[in-house]
Number of protein chains: 2
Amino acid sequence: MTRATRTSPTLANVAAAAGVSRQTVSNVINTPGRVAPETRSRVQAAIETLNYRPNRVARSLRTRTSRLLGYCVQPAPVGMLNPVLDRFVHAITESAAEHGFHVLLFTAPAGAPGLDRYAELLAQQAVDGFVLSDTVVGDPRHGWLTAHGVPFSAFGRTWTGEDQGAWVDVDGAAGIGQAVAHVHAAGHRRIGFLGWPDGSGVGDDRLAGYQAGCRRFGVAPLVVRTDGGIEAGRTAAGGLLDRPDPPSALVCVSDLAAHGALRAVTERGLRPGHDIAITGFDDTPSAALPGIELTSLSQPIEQVGRAVVRMVLGPLGAAGPPTPPAGAAPHQLFEPTLVIRSSSHPKDDGGST
Amino acid sequence: MTRATRTSPTLANVAAAAGVSRQTVSNVINTPGRVAPETRSRVQAAIETLNYRPNRVARSLRTRTSRLLGYCVQPAPVGMLNPVLDRFVHAITESAAEHGFHVLLFTAPAGAPGLDRYAELLAQQAVDGFVLSDTVVGDPRHGWLTAHGVPFSAFGRTWTGEDQGAWVDVDGAAGIGQAVAHVHAAGHRRIGFLGWPDGSGVGDDRLAGYQAGCRRFGVAPLVVRTDGGIEAGRTAAGGLLDRPDPPSALVCVSDLAAHGALRAVTERGLRPGHDIAITGFDDTPSAALPGIELTSLSQPIEQVGRAVVRMVLGPLGAAGPPTPPAGAAPHQLFEPTLVIRSSSHPKDDGGST
DNA sequence: ATATATTGTGCGACTAGGAGT
DNA sequence: CACTCCTAGTCGCACAATATA
């Protein structure tokens, strides 16, 4: 006589109900091909009536896989970039689910000290692998995870030259190239770039895209750096605008910097889109606000999330309908989409055609 | 001769190293008081040298607890409200970690169909409880979880009158009350309210706060509804502004609505903060943008997250340094903070004092 | 020899009860 | 009888090797 605790049915219960052995039930679930059709349907009926679901924990213990992917949520979200990561979290959760995986969230300090948390989760067999984001130049996680043979994939390159692990990223250089081409096509010939300080992989990549664009169209580069904040962008953009030969277009490394530039422009009585073109990067919600209407580069986050999950699941032999391509390329670069708004192409201009 | 697979040390390994039984090692970890100090330190030394960490999965199987909290990430984030949920996710992850728990992410369709996902996770013993957010009027999850005896707590009330389960929320009525008091103190006597359609718990709550404020200060209520979008807010606010007796202050149910109102105001050549006061709700990043400077109500999300986790962990007997208060109140209401910017109090006005 | 179903065993930790001092 | 420690059994599942047709 067992306690009347609300306990879920087990493999044994199903086996008894169907009049077969436990192993046969297990086979029906994991390798249906090895079970005779007649038996199979009988077992499946029993599974239905008992509403049986395999206990994930017991399965994990036996198979030594948790079917969980670790993802570290950043302690201090920077600026306005959150919307991107927000969508990313949703994207990886959804993609993981399609492969029978779930996402386990944890926090960790940035840099090497945070590695302990990764090690902890691994030692506890809590996760099968990791999805990384917010990667920085010289990120210690890639090397550590690679050295320990832990499956992972990252949203963002390491920029170190050494090729450690799988990554997916958005082609910032190509994106900025689009922006440069866009303003050049609108007739702008003096095109400035509002960038980040030297040394950030993402910033350098976007700068490179700007420089390539300048070469391509034969215009002189005009670069100024800021630390990324709105105020800094405003000051830096102001410096460009106050030159004797001010640019007529300002391509910005981020929406945040672009907001600062917009401010600097309007302060000087100029109208964005008419007197000067401004573009940003990330297409954050604030870019679409009325009165802002910032042209920006939208990142295909959902695609990135799907690709990242596919890559980390590859070595894990994900259990999905189709087997993921085993020899899939460990890297993938997506191109952002230029969303044109009136900051670079005023509605009442009727320019095209 | 075992395979040379990179396998973590187990209880048995530690026991062998320390020259004790497995059970003694288990006691050292879980009930140190029952082990003689001398033995205890010897075992702890072995744990250190082997760098042993209990296998979460094995422990879960035996104790029938996963030390995981389920949290459903919403499929389609609405408007600009994400930053709030972004911070919330981080907050619950951090709070859970303090109690030895982790957060497991999953997706589910809204409403009753999504309950299957909750049931699935429960049947698989994948989680010990749930944290809910994005609750709506008549949300089916509360009743279902309560009926099944599943521990949970919610960010957001059910608004159904029936008291189902623990919740934490932000006092929208009190927040809007602050906004009304603020503009009233600035001399405004004709105060309009830009609200959501009838029937949304959150919207009705905020409206009630507005109405209470009007009664308190003896001003006539002036309410108009929108569906929440920027464009709708712009149209609705425009309707108020074009009246023969337009309001001189506009308290908005959300930042999104406020952005629409700002647009309507500037379109009519009015200056926010000077000619008319505008306030929003949520203090989204876009509220702080230069050229916007929207006065708004900031939600104490970190506190909310901590409280939500405390509540769901209560019935689970969380294992933390201090035992959580067993008879903790199942409800908690936090007051938002009014962040005053120039949309209601222009810098160059020098109003106060 | 092929197809199908079965028994035994262990994953790694906790719970229960017993043995030694 | 306390105190300390240990042996045996269990959680639910899947792997391996075995029976039965």
Side-chain angles (χ1 to χ4, degrees), chain A residues 2-3 5-44 46-47 50-67 100 122-126 128 317 319, chain B residues 2-3 5-43 46-47 50 52-67 100 122-126 128 317 319:
Chain A
T2 61
R3 293 255 320 284
T5 47
R6 158 184 290 288
T7 173
S8 311
T10 73
L11 211 56
N13 299 128
V14 177
V20 298
S21 72
R22 297 173 334 222
Q23 183 54 32
T24 300
V25 180
S26 179
N27 283 336
V28 169
I29 294 168
N30 300 306
T31 47
R34 286 192 198 156
V35 180
E38 195 273 331
T39 315
R40 195 193 311 158
S41 57
R42 189 154 40 94
V43 170
Q44 274 163 342
I47 289 176
L50 292 181
N51 192 31
Y52 169 74
R53 293 289 178 282
N55 184 318
R56 275 182 90 96
V57 178
R59 173 179 285 181
S60 288
L61 180 61
R62 183 66 239 228
T63 62
R64 306 172 137 290
T65 65
S66 61
R67 305 188 80 72
L122 248 17
Q124 295 176 154
Q125 306 253 18
D128 292 342
Chain B
T2 61
R3 294 253 321 284
T5 48
R6 160 183 289 288
T7 173
S8 311
T10 72
L11 211 55
N13 299 116
V14 176
V20 297
S21 74
R22 295 176 332 215
Q23 182 52 32
T24 300
V25 179
S26 179
N27 283 335
V28 168
I29 294 167
N30 299 303
T31 48
R34 285 191 199 156
V35 181
E38 195 274 332
T39 314
R40 194 193 311 158
S41 57
R42 187 153 42 96
V43 171
I47 290 176
L50 291 180
Y52 168 75
R53 293 288 178 281
N55 184 316
R56 276 182 88 99
V57 178
R59 173 180 282 180
S60 288
L61 179 60
R62 184 60 236 214
T63 62
R64 307 173 139 290
T65 64
S66 61
R67 305 189 79 74
L122 248 16
Q124 296 175 155
Q125 305 254 19
D128 292 342

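None of these values were measured; they are calculated from a predicted model. Here is how names work: the chains are called A, B, and so on, in the same order as the sequence lines, proteins then strands, and each is numbered from 1.
In this structure, A:Q125 places its CD atom 9 Å from P of C:dA13, rounding to the nearest Å. D:dC15 atom C1' lies 13 Å from atom CZ of A:R59, rounded to whole Å. Residue A:E38 contributes atom CD, which lies 12 Å from atom P of C:dT4 at whole-angstrom precision. As rounded to whole Å, 15 Å separates atom P of C:dG12 from atom CD of A:Q124. Atom pair A:L11:CG and C:dT7:P shows a separation of 13 Å (rounding to whole Å applied). As rounded to whole Å, 16 Å separates atom C1' of C:dA13 from atom CZ of B:R53. The distance between atom CG of B:L61 and atom P of D:dG9, rounded to the nearest whole Å, is 18 Å.
Of all non-hydrogen atoms in B:I29 and B:R59, the two that sit nearest each other are CG2-NH2, 3.8 Å.
Applying the 3.5 Å distance criterion, the base of D:dA14 shares a donor-acceptor pair with the side chain of A:R62. Put simply, the side chain of A:R34 and the base of C:dT4 share no donor and acceptor less than 3.5 Å apart. Interface remark: the A:R22 side chain does form a donor-acceptor pair with the C:dT9 base, using a distance-only criterion of under 3.5 Å. Judged by atom type and distance alone, A:Q23 reaches the base of D:dC15 through a side-chain donor-acceptor pair under 3.5 Å.
Comparing D:dC6, D:dA14, C:dA13 by their nearest atom to the side chain of B:V20 picks out D:dC6. Taking the side chain of A:R64 as heavy atoms from C-beta on, and the options D:dC13, C:dT6, C:dC11, the nearest nucleotide is C:dC11. Looking at the side chain of B:A36, the nearest of the listed nucleotides C:dA13, D:dA14, D:dC5 is D:dC5. Here the side chain of A:T63 is nearest to one of D:dC13, C:dA13, D:dC15, namely D:dC15. Among D:dG12, D:dC5, C:dA5, the nucleotide with an atom closest to any side-chain atom of A:T24 is C:dA5.
Closest-nucleotide positions on DNA chain C for A:S21 and B:R56 were compared, and the one nearer the 5' end corresponds to A:S21. Nearest-nucleotide positions on DNA chain D place B:N27 closer to the 5' end than the other of B:N27 and A:N30. The nearest heavy atom of DNA chain D to A:I29 and to B:R40 marks one nucleotide each, and the one closer to the 5' end goes with B:R40.
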* List the steps and the verdict of side chain to side chain contact (heavy atoms under 4.5 Å, CB included) for B:V35 and B:V43. => CA-CA 10 Å; B:V35 181; B:V43 171; 5.8 Å; no
* Test B:T24 against B:N27 for side chain to side chain donor-acceptor pair (under 3.5 Å), laying out the working first. => CA-CA 5 Å; B:T24 300; B:N27 283 335; 5.4 Å; no
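Across all strands shown, A:V35 has heavy atoms under 4.0 Å from sugar-phosphate atoms exclusively, and none from any base. Among the protein residues, A:T39 comes within range of the sugar-phosphate backbone only, with heavy atoms under 4.0 Å from sugar or phosphate atoms but none that close to a base.
At C:dA13, none of the side-chain N or O atoms of B:S26 fall inside 4.0 Å of OP1 or OP2 (strictly under the cut-off).
Remark: the backbone N or O of B:A18 is paired with a side-chain donor or acceptor of B:R42 at under 3.5 angstrom. The backbone N or O of A:T65 sits less than 3.5 Å from a side-chain atom of A:S60, completing a donor-acceptor pair.
Listed by chain and residue number, nothing satisfies the side chain to side chain donor-acceptor pair (under 3.5 Å) test with B:N55 (two or more places apart in sequence, or in another chain).
Partner assigned to C:dA1 is none, using Watson-Crick or G-U wobble distances below 3.5 angstrom.
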